[in-house]
Amino acid sequence: MRLSNLLFNSLKESPKEAKIISHQLMLRSSMIRQHTSGIYTWLPLGYKVLKNIENIIRHNQNKIGCNEMLMSTIQSSELWKKSGRYTDYGKEMLRITDRHENELLYGPTNEEVITDLFSDYVNSYKALPKYLYHIQWKFRDEIRPRFGVMRGREFLMKDAYSFDLTEEGAFETYKIFFRSYLKTFLDLGLQPIPVKAATGAIGGDLSHEFQILASTGESELAYDSKLVDSNLFEKSYEEITSMYSASDEMIDKSKSDVIVGRGIEVGHIFNFGIKYTKPLECYVLNKDGKRITPHMGSYGIGVSRLTAAIIEAFHDERGIKWPINIAPFRINIVTQSNFDLNEDIKNIYNILTSKYNNISLDDRDLSMGRKIKDSELIGIPWTLIIGNNYKEKGQVEVIRRSDGDKVFLSKQEIENFEFEQYTP
Ligand code: P5A
């Protein structure tokens, strides 16, 4: 893409309302724009990143046999009255009345809707277990929306729901999601720490949060140091959960040999048995034609929150440092305005575009210095500078954003160079 076509306006200074680095960088690099309190527009750069994160999550959900679908954002209040949560959910629920005086709401989560849907489509024990998910906007009228998309009122969540015939089956499913979540966050370049958590408005008595360590995180954590391990995925559920971990109100203050810190909750999983299937009269028939109430779990990932969490993990004083699979562009070609788009540059751009699908060419009428600064701010993993060195010696300067490493390559060498994944 040519950056002259991009809706993008970099800011040198951080807007005053932004208190944490991810919020500052998202505003400075035109990723998001606040519409009103806790509600954001995703601008082209931010939207690209959001989609990339979504795809990594989607890939991992599909791998465990979870069905992607899409439920509506607006829900009817009826099912919530049946489950008892219409009153329990309180002021965080945005309630709407339509022209016929029907009580509707903007979905904060989907346990009720999915249980009702499952009842309608699944009658036999033979179809179990079943895993369903969607990636959809949620609304929670948070009392204190803050830190940009970190705690929004409207936010994007991946929420999955599982149905099993027995309690034991539901626990096996819980472990499958637990491990799939570790893999998902590792694929996103993050080091997840699973911690025991309170279940709050969702319910049940088994729950884990997936936390990313960050001093600006809103959650308080206490955990065994052995949980901070890049090989965590190699370990079994039992081994991982035998180590001490807890968040917020679950923390045992008398523990001494644990690390206490702060984290960003990027995922939360729950096992709550028949909390919804029972009141919503959801059942399947077993071999003998007897009614069995399925055991459920639900599994959430904060997709929009992850954009901010990843920036908290990967940035420096110049800007964002995106992992390559999340970056809005893989390579940014920066050229001087006075020889913008000459044949050589077009040629390099075309070769790279045929090899990779997300290349940008900064053809804006700005100084080289300004364009290089923007490339660093946006956090593009590779910047190719075609400037004086190219004019004089035929050399392109290739800069890696992760560590600032520089090499000079000829046009021929560029064609063969692997602009690959790296650890930021
Ligand atoms: C699990 C899936 C649930 O809602 N029901 C369906 C369960 N869990 S949760 O913990 O309440 O939310 C799941 C994840 O969503 C993110 N999240 C938010 N992100 C941005 N702004 C918010 N206000 C917000 N609230 C929740 C978190 O990452 C959370 O783990």
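Order of appearance sets the numbers: ligands from 1, and atoms from 1 within every ligand.
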**Study point:** Passing option when N332 is tested against L384, I385, I380 for side chain to side chain contact (heavy atoms under 4.5 Å, CB included)
**Key:** I380
Check your understanding: Is ligand 1 under 4.0 Å from a heavy atom in the side chain of H268, in the backbone, in both, or in neither?
Key -> both
Review point. Which of the atoms of ligand 1 are close to D159, meaning less than 4.0 Å from one of its heavy atoms?
Key: 2 (C), 6 (C)
Point to revise | G152 touching ligand 1 at heavy-atom level, < 4.0 angstrom | key: yes
**Study point:** Heavy-atom nearest neighbour of atom 8 (N) of ligand 1 within options F139, F270, Y299
**Key:** F270
Practice item. With heavy atoms under 4.0 Å as the rule, classify the contact between V266 and ligand 1 as side chain, backbone, both or neither. Key: backbone
**Study point:** Note: E54-K158 ion pair, threshold 4.0 Å (strictly below)
**Key:** no
Check your understanding: Between the main-chain N or O of E218 and the side-chain N or O of R262, is there a donor-acceptor pair closer than 3.5 Å?
Key -> yes
Practice item. May I ask you to check if K255 and Y244 form a cation-pi contact, with NZ or CZ under 6.0 angstrom from the six-membered ring centre and within 45° of the axis? Key: yes
Check your understanding: Just going by heavy-atom distances, which of R305, K138, E209, R140 is nearest to atom 9 (S) of ligand 1?
Key -> R140
Review point. Looking at ligand 1, does Y161 have a heavy atom less than 4.0 Å from it?
Key: yes
Check your understanding: Looking at ligand 1, does any of its N/O atoms fall within less than 3.5 Å of an N/O of T109?
Key -> yes
Review point. Does K253 come within less than 4.0 Å of E220, counting only side-chain N to carboxylate O?
Key: yes
Point to revise | Electrostatic pair E17-R146, nearest N-O below 4.0 angstrom | key: no
Review point. Are any of the side-chain nitrogens in K226 or D224 under 4.0 Å away from the carboxylate oxygens of its partner?
Key: yes
Review point. Is K321 reaching over with its side chain to a backbone N or O of S402, donor-acceptor style, under 3.5 angstrom?
Key: yes
**Study point:** Which of the ligand 1 atoms, numbered from 1, are nearer than 4.0 Å to a heavy atom of E111
**Key:** 5 (N), 6 (C), 7 (C)
Check your understanding: Would you say V149 touches ligand 1, if touching means a heavy atom closer than 4.0 Å?
Key -> yes
Check your understanding: What atoms in ligand 1 come closer than 4.0 Å to a heavy atom of G267?
Key -> 30 (O)
Practice item. Determine, considering heavy atoms only, which of M150, E92, H134, R146 sits nearest to atom 20 (C) of ligand 1. Key: M150
Check your understanding: At a non-hydrogen distance cut-off of under 4.0 Å, which region of E265 contacts ligand 1 (side chain, backbone, both, or neither)?
Key -> both
Review point. At a 4.0 Å threshold, what atoms of ligand 1 neighbour a non-hydrogen atom of S298?
Key: 1 (C), 2 (C), 5 (N), 6 (C), 7 (C)
Point to revise | W322, Y356, F419 screened by ring pair (Phe, Tyr, Trp, His ring centres under 6.0 Å) with W382, the one that passes | key: F419
